[in-house]
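See structure below.
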Amino acid sequence: MQTPATAAPPALSADFYERPVLEVARSLIGCTVEHAGTAGVIVETEAYHDSEPACHAFVGLTPRTRTLFGAPGRAYVYRSYGIHALLNAVCEPEGVGAAVLIRALEPFVGIETMRRRRGLTRAEDLCSGPGKLTQALGISLEENGSSLTSGPIRIGPRTDVWKTPAVVSGTRIGITKAVDLRWRFCLAGNRHVSRPRPQLSGERS
DNA sequence: CATGGGATTGACT
DNA sequence: GTCAATCCCATGC
(Lines give C-alpha, C1' and ligand atoms only; values in the text may rest on other atoms or scores of the structure.)
Protein backbone atom coordinates (compact mmCIF):
# COMPACT_ATOMS: atom_id res chain seq x y z
CA MET A 1 0.00 0.00 0.00
CA GLN A 2 1.36 3.32 -1.08
CA THR A 3 1.11 6.42 1.02
CA PRO A 4 -1.42 8.95 -0.27
CA ALA A 5 -0.07 11.32 -2.87
CA THR A 6 -0.28 14.40 -0.67
CA ALA A 7 2.44 16.96 -0.26
CA ALA A 8 1.98 17.08 3.50
CA PRO A 9 3.24 14.29 5.80
CA PRO A 10 0.68 12.46 7.97
CA ALA A 11 -0.44 14.31 11.08
CA LEU A 12 0.94 13.31 14.47
CA SER A 13 -1.13 10.53 16.07
CA ALA A 14 -3.00 10.76 19.36
CA ASP A 15 -0.22 8.70 20.99
CA PHE A 16 2.13 11.63 20.54
CA TYR A 17 -0.01 13.71 22.89
CA GLU A 18 -0.72 10.98 25.44
CA ARG A 19 2.55 11.67 27.26
CA PRO A 20 3.75 14.00 30.04
CA VAL A 21 2.83 17.52 28.92
CA LEU A 22 6.37 18.89 29.39
CA GLU A 23 7.71 16.23 27.05
CA VAL A 24 5.09 17.09 24.42
CA ALA A 25 5.69 20.83 24.76
CA ARG A 26 9.39 20.34 23.99
CA SER A 27 8.71 17.82 21.21
CA LEU A 28 6.32 20.17 19.42
CA ILE A 29 9.08 22.69 18.68
CA GLY A 30 9.87 22.26 14.98
CA CYS A 31 6.55 20.57 14.18
CA THR A 32 4.06 22.15 11.77
CA VAL A 33 0.55 23.56 12.23
CA GLU A 34 -1.73 23.83 9.22
CA HIS A 35 -5.21 25.30 8.80
CA ALA A 36 -7.25 26.77 5.97
CA GLY A 37 -4.49 27.16 3.41
CA THR A 38 -1.84 28.42 5.81
CA ALA A 39 0.88 26.68 7.82
CA GLY A 40 3.87 27.42 10.04
CA VAL A 41 6.62 25.78 12.06
CA ILE A 42 6.12 25.84 15.84
CA VAL A 43 8.89 27.90 17.46
CA GLU A 44 7.37 28.54 20.92
CA THR A 45 5.17 26.54 23.32
CA GLU A 46 4.07 26.53 26.95
CA ALA A 47 2.91 23.61 29.09
CA TYR A 48 -0.10 23.69 31.44
CA HIS A 49 -1.18 20.97 33.88
CA ASP A 50 -4.07 20.66 36.31
CA SER A 51 -1.64 20.25 39.22
CA GLU A 52 -0.61 23.93 39.04
CA PRO A 53 -2.85 27.01 39.44
CA ALA A 54 -2.00 28.77 36.16
CA CYS A 55 -3.81 25.99 34.29
CA HIS A 56 -7.50 26.51 33.55
CA ALA A 57 -8.05 22.88 34.59
CA PHE A 58 -6.81 23.66 38.13
CA VAL A 59 -10.42 24.46 39.14
CA GLY A 60 -11.59 21.00 38.10
CA LEU A 61 -14.11 19.83 35.54
CA THR A 62 -16.40 22.64 34.36
CA PRO A 63 -18.03 23.40 31.00
CA ARG A 64 -14.96 25.43 30.10
CA THR A 65 -12.40 22.75 31.02
CA ARG A 66 -14.29 19.85 29.49
CA THR A 67 -11.99 19.75 26.46
CA LEU A 68 -8.86 19.97 28.64
CA PHE A 69 -9.84 16.86 30.59
CA GLY A 70 -10.87 15.03 27.42
CA ALA A 71 -9.00 12.85 24.95
CA PRO A 72 -5.42 13.79 23.97
CA GLY A 73 -4.76 15.04 20.46
CA ARG A 74 -7.64 17.48 20.33
CA ALA A 75 -7.62 21.26 20.14
CA TYR A 76 -8.48 23.36 23.18
CA VAL A 77 -9.36 26.81 21.81
CA TYR A 78 -10.59 29.52 24.17
CA ARG A 79 -11.12 33.26 24.13
CA SER A 80 -8.51 35.35 25.87
CA TYR A 81 -9.11 38.90 27.11
CA GLY A 82 -12.41 38.93 25.25
CA ILE A 83 -10.62 39.30 21.94
CA HIS A 84 -8.21 36.56 20.96
CA ALA A 85 -8.60 32.84 20.32
CA LEU A 86 -5.71 30.83 21.77
CA LEU A 87 -4.76 27.37 20.46
CA ASN A 88 -3.72 24.48 22.70
CA ALA A 89 -3.04 20.79 22.11
CA VAL A 90 -4.67 18.59 24.76
CA CYS A 91 -2.17 16.14 26.30
CA GLU A 92 -1.82 13.24 28.75
CA PRO A 93 -4.43 10.49 29.20
CA GLU A 94 -8.13 11.33 29.25
CA GLY A 95 -9.08 12.49 32.73
CA VAL A 96 -5.91 14.57 33.17
CA GLY A 97 -6.33 18.30 32.46
CA ALA A 98 -3.21 19.24 30.52
CA ALA A 99 -2.37 21.05 27.30
CA VAL A 100 0.39 22.74 25.33
CA LEU A 101 -0.26 26.36 24.33
CA ILE A 102 1.05 27.09 20.83
CA ARG A 103 2.61 30.55 21.26
CA ALA A 104 4.43 31.30 18.00
CA LEU A 105 5.07 29.99 14.49
CA GLU A 106 7.49 30.68 11.70
CA PRO A 107 5.17 31.12 8.67
CA PHE A 108 5.94 29.05 5.59
CA VAL A 109 2.71 28.34 3.69
CA GLY A 110 0.12 30.92 2.60
CA ILE A 111 2.06 33.94 3.79
CA GLU A 112 0.03 36.27 1.56
CA THR A 113 -3.17 34.90 3.12
CA MET A 114 -1.69 35.51 6.57
CA ARG A 115 -0.84 39.08 5.62
CA ARG A 116 -4.41 39.65 4.49
CA ARG A 117 -5.90 38.15 7.66
CA ARG A 118 -3.53 40.11 9.90
CA GLY A 119 -3.52 43.36 7.96
CA LEU A 120 0.26 43.46 8.33
CA THR A 121 3.20 42.70 6.04
CA ARG A 122 6.31 41.92 8.10
CA ALA A 123 6.80 38.16 8.42
CA GLU A 124 7.83 38.49 12.08
CA ASP A 125 4.50 40.20 12.90
CA LEU A 126 2.28 37.46 11.48
CA CYS A 127 2.56 34.60 14.01
CA SER A 128 4.82 35.90 16.82
CA GLY A 129 2.24 35.46 19.60
CA PRO A 130 -0.61 33.10 20.53
CA GLY A 131 -3.36 35.51 19.47
CA LYS A 132 -1.55 36.52 16.31
CA LEU A 133 -1.06 33.01 14.96
CA THR A 134 -4.71 32.02 15.37
CA GLN A 135 -5.70 35.14 13.43
CA ALA A 136 -3.10 34.42 10.73
CA LEU A 137 -4.27 30.80 10.37
CA GLY A 138 -7.97 31.67 10.60
CA ILE A 139 -8.54 29.55 13.72
CA SER A 140 -11.65 30.36 15.77
CA LEU A 141 -13.46 29.16 18.87
CA GLU A 142 -15.53 26.80 16.75
CA GLU A 143 -12.48 24.54 16.48
CA ASN A 144 -12.51 23.87 20.21
CA GLY A 145 -12.63 20.09 20.73
CA SER A 146 -11.72 19.25 17.13
CA SER A 147 -9.14 16.58 16.35
CA LEU A 148 -5.58 17.66 15.60
CA THR A 149 -4.92 14.37 13.83
CA SER A 150 -7.76 14.63 11.29
CA GLY A 151 -8.39 18.35 11.04
CA PRO A 152 -9.50 20.97 10.27
CA ILE A 153 -6.39 21.94 12.25
CA ARG A 154 -3.51 19.53 11.66
CA ILE A 155 -0.17 19.24 13.45
CA GLY A 156 2.55 17.41 11.51
CA PRO A 157 5.96 16.02 12.54
CA ARG A 158 9.28 17.82 12.35
CA THR A 159 10.61 18.21 8.83
CA ASP A 160 14.21 17.38 7.91
CA VAL A 161 15.37 20.93 8.42
CA TRP A 162 14.04 20.94 11.99
CA LYS A 163 15.07 17.42 13.14
CA THR A 164 17.18 18.49 16.11
CA PRO A 165 16.11 21.98 17.13
CA ALA A 166 18.00 23.87 19.86
CA VAL A 167 15.34 24.46 22.49
CA VAL A 168 15.66 26.94 25.35
CA SER A 169 13.30 27.07 28.33
CA GLY A 170 12.02 29.99 30.35
CA THR A 171 9.14 31.10 32.57
CA ARG A 172 5.65 31.34 31.10
CA ILE A 173 4.23 34.64 29.86
CA GLY A 174 1.21 36.61 31.02
CA ILE A 175 0.29 34.54 34.07
CA THR A 176 0.05 35.54 37.73
CA LYS A 177 0.22 32.11 39.39
CA ALA A 178 3.00 29.51 39.36
CA VAL A 179 5.19 32.13 37.71
CA ASP A 180 8.47 30.40 38.55
CA LEU A 181 7.93 27.22 36.56
CA ARG A 182 10.15 27.17 33.49
CA TRP A 183 7.50 25.60 31.29
CA ARG A 184 8.01 27.83 28.24
CA PHE A 185 10.00 26.40 25.32
CA CYS A 186 11.45 28.36 22.42
CA LEU A 187 13.53 27.63 19.36
CA ALA A 188 16.84 29.29 20.21
CA GLY A 189 17.53 32.50 18.30
CA ASN A 190 14.39 32.32 16.16
CA ARG A 191 13.01 35.71 15.13
CA HIS A 192 9.37 34.64 15.27
CA VAL A 193 9.38 33.95 19.02
CA SER A 194 7.12 36.33 20.96
CA ARG A 195 8.35 39.01 23.37
CA PRO A 196 9.85 38.96 25.83
CA ARG A 197 12.42 36.50 24.51
CA PRO A 198 13.94 34.11 27.03
CA GLN A 199 17.49 34.98 28.01
CA LEU A 200 19.88 32.99 25.85
CA SER A 201 22.85 33.32 28.17
CA GLY A 202 22.86 33.47 31.94
CA GLU A 203 19.76 31.37 32.50
CA ARG A 204 20.22 31.93 36.22
CA SER A 205 17.72 34.44 37.54
C1' DC B 1 -28.25 37.46 38.57
C1' DA B 2 -23.85 40.65 39.25
C1' DT B 3 -19.22 40.82 39.33
C1' DG B 4 -14.38 40.31 38.25
C1' DG B 5 -10.54 38.38 36.09
C1' DG B 6 -7.82 37.05 32.50
C1' DA B 7 -2.37 31.75 28.96
C1' DT B 8 -3.09 39.38 24.57
C1' DT B 9 -2.41 42.88 21.42
C1' DG B 10 -1.80 47.40 19.50
C1' DA B 11 -1.85 52.17 20.24
C1' DC B 12 -0.15 55.64 22.80
C1' DT B 13 2.71 58.78 26.69
C1' DG C 1 6.77 52.37 30.15
C1' DT C 2 0.89 52.60 30.41
C1' DC C 3 -3.73 51.29 29.08
C1' DA C 4 -8.21 49.99 26.93
C1' DA C 5 -10.75 46.75 24.03
C1' DT C 6 -14.15 42.98 24.72
C1' DC C 7 -16.36 38.43 26.17
C1' DC C 8 -16.49 33.91 28.30
C1' DC C 9 -17.08 31.80 32.38
C1' DA C 10 -16.25 30.81 37.42
C1' DT C 11 -17.73 32.40 41.56
C1' DG C 12 -20.69 34.30 45.08
C1' DC C 13 -24.93 36.36 46.71
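Every heavy atom of this structure was used, including side-chain atoms; hydrogens, water molecules and symmetry mates were not. Residue numbers begin at 1 in each chain, while the letters A, B, ... track the order of the sequences.
Applying the salt bridge (Lys or Arg N to Asp or Glu O under 4.0 Å) definition to pairs two or more places apart or across chains, those involving residues 81-104 of chain A are Glu44(A)-Arg103(A), Glu46(A)-Arg103(A). Sorted pairs that involve residues 62-82 of chain A and meet salt bridge (Lys or Arg N to Asp or Glu O under 4.0 Å), not counting sequence neighbours, are lacking altogether. Sorted by first then second residue, the salt bridge (Lys or Arg N to Asp or Glu O under 4.0 Å) pairs that include residues 9-30 of chain A, not counting sequence neighbours, are Arg19(A)-Glu23(A). The salt bridge (Lys or Arg N to Asp or Glu O under 4.0 Å) analysis of residues 164-181 of chain A, with sequence neighbours excluded, yields the pairs Glu52(A)-Arg172(A).
Between Ser194(A) and Lys177(A), the one whose closest nucleotide on DNA chain B sits nearer the 5' end is Lys177(A).
Annotation: proximity of residues 69-83 of chain A to DNA chain B (heavy atom, distance under 4.0 Å) is found for Tyr78(A), Ser80(A), Tyr81(A), Gly82(A), numbered in ascending order. Residues of residues 92-112 of chain A having a heavy atom closer than 4.0 Å to DNA chain C: none are found.
Atom P of nucleotide dA7(B) and atom CD of Glu44(A) are separated by 15 Å, given to the nearest angstrom. When the C1' atom of dC8(C) is taken as reference, atom CD of Glu142(A) falls 15 Å away, rounded to whole Å. Protein atom CZ of Arg64(A) is 10 Å distant from nucleotide atom C1' of dG5(B), rounded to whole Å. With rounding to whole Å, Asn144(A) atom CG is found 13 Å from dC8(C) atom P. Note: CG (Leu68(A)) to C1' (dA10(C)) measures 14 Å, nearest angstrom. Rounded to an integer number of Å, the gap from Arg172(A) CZ to dT8(B) P is 11 Å. Residue Tyr48(A) contributes atom OH, which lies 11 Å from atom C1' of dG6(B) at whole-angstrom precision. Rounded to an integer number of Å, the gap from CD1 of Ile175(A) to C1' of dT8(B) is 14 Å.
Shortest non-hydrogen contact noted between Ile153(A) and Ser146(A) is CD1-OG, 4.5 Å. Closest heavy-atom contact between Glu143(A) and His35(A): OE2-NE2, 2.9 Å. Taking all atoms of both residues into account, the shortest heavy-atom contact from Ala14(A) to Thr149(A) is N-CG2, 3.8 Å. Here the closest heavy-atom approach between residue Gly37(A) and residue Val109(A) is recorded as O-CG1, 3.9 Å. Considering every non-hydrogen atom in both Cys91(A) and Val100(A), the closest pair reads SG-CG2, 3.8 Å.
Counting only heavy atoms from C-beta outward, the side chains of Leu120(A) and Gln135(A) never approach each other to under 4.5 Å. In this structure the side chain of Leu181(A) never reaches within 4.5 angstrom of the side chain of Thr171(A), judged on heavy atoms. Put simply, the side chain of Cys127(A) does not reach to within 4.5 Å of the side chain of Glu106(A), judged on heavy atoms.
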Could you list, one pair per line, each protein nitrogen or oxygen that sits under 3.5 Å from a nitrogen or oxygen of nucleotides 11-13 of chain C, together with the distance?
none

Restricting both atoms to N or O, compile the protein contacts to nucleotides 10-13 of chain B shorter than 3.5 Å, with distance only.
residue : atom : partner   : partner atom : Å
dG10(B) : OP1  : Arg118(A) : NH1          : 3.0
dG10(B) : OP1  : Arg118(A) : NH2          : 2.9

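Residues Tyr48(A), Leu68(A), Tyr78(A), Leu86(A), Val90(A), Leu101(A), Ile175(A), Val179(A) make up the rest of the hydrophobic cluster containing Tyr76(A), defined by ILVMFWY side-chain heavy atoms closer than 4.5 Å, directly or through other members. Connectivity analysis of hydrophobic side chains (ILVMFWY, heavy atoms under 4.5 Å, direct or indirect) links Leu61(A) to Phe69(A).
Val21(A) and Phe58(A) fall into different hydrophobic clusters, where Ile, Leu, Val, Met, Phe, Trp and Tyr side chains are chained together by heavy-atom contacts under 4.5 Å. Taken together through direct or relayed side-chain contacts under 4.5 Å among Ile, Leu, Val, Met, Phe, Trp and Tyr, Leu87(A) and Ile173(A) form parts of separate hydrophobic clusters.
Scanning for side-chain hydrogen bond (donor to acceptor under 3.5 Å, both in side chains) contacts around Thr38(A) gives Arg117(A), with sequence neighbours left out.
Picking from dA7(B), dC8(C), dT9(B) the nucleotide with the shortest atom distance to the side chain of His84(A) gives dT9(B).
The separation of dA4(C) from dG4(B), taken at their P atoms, amounts to 16 Å, rounded to a whole angstrom. With both ends at atom C1', the span from dA7(B) to dG1(C) equals 23 Å, rounded to whole Å.
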Nucleotide pairing, DNA chain C (Watson-Crick or G-U, distances under 3.5 Å), in dot-bracket with [ ] and |:
|||||.||||||.

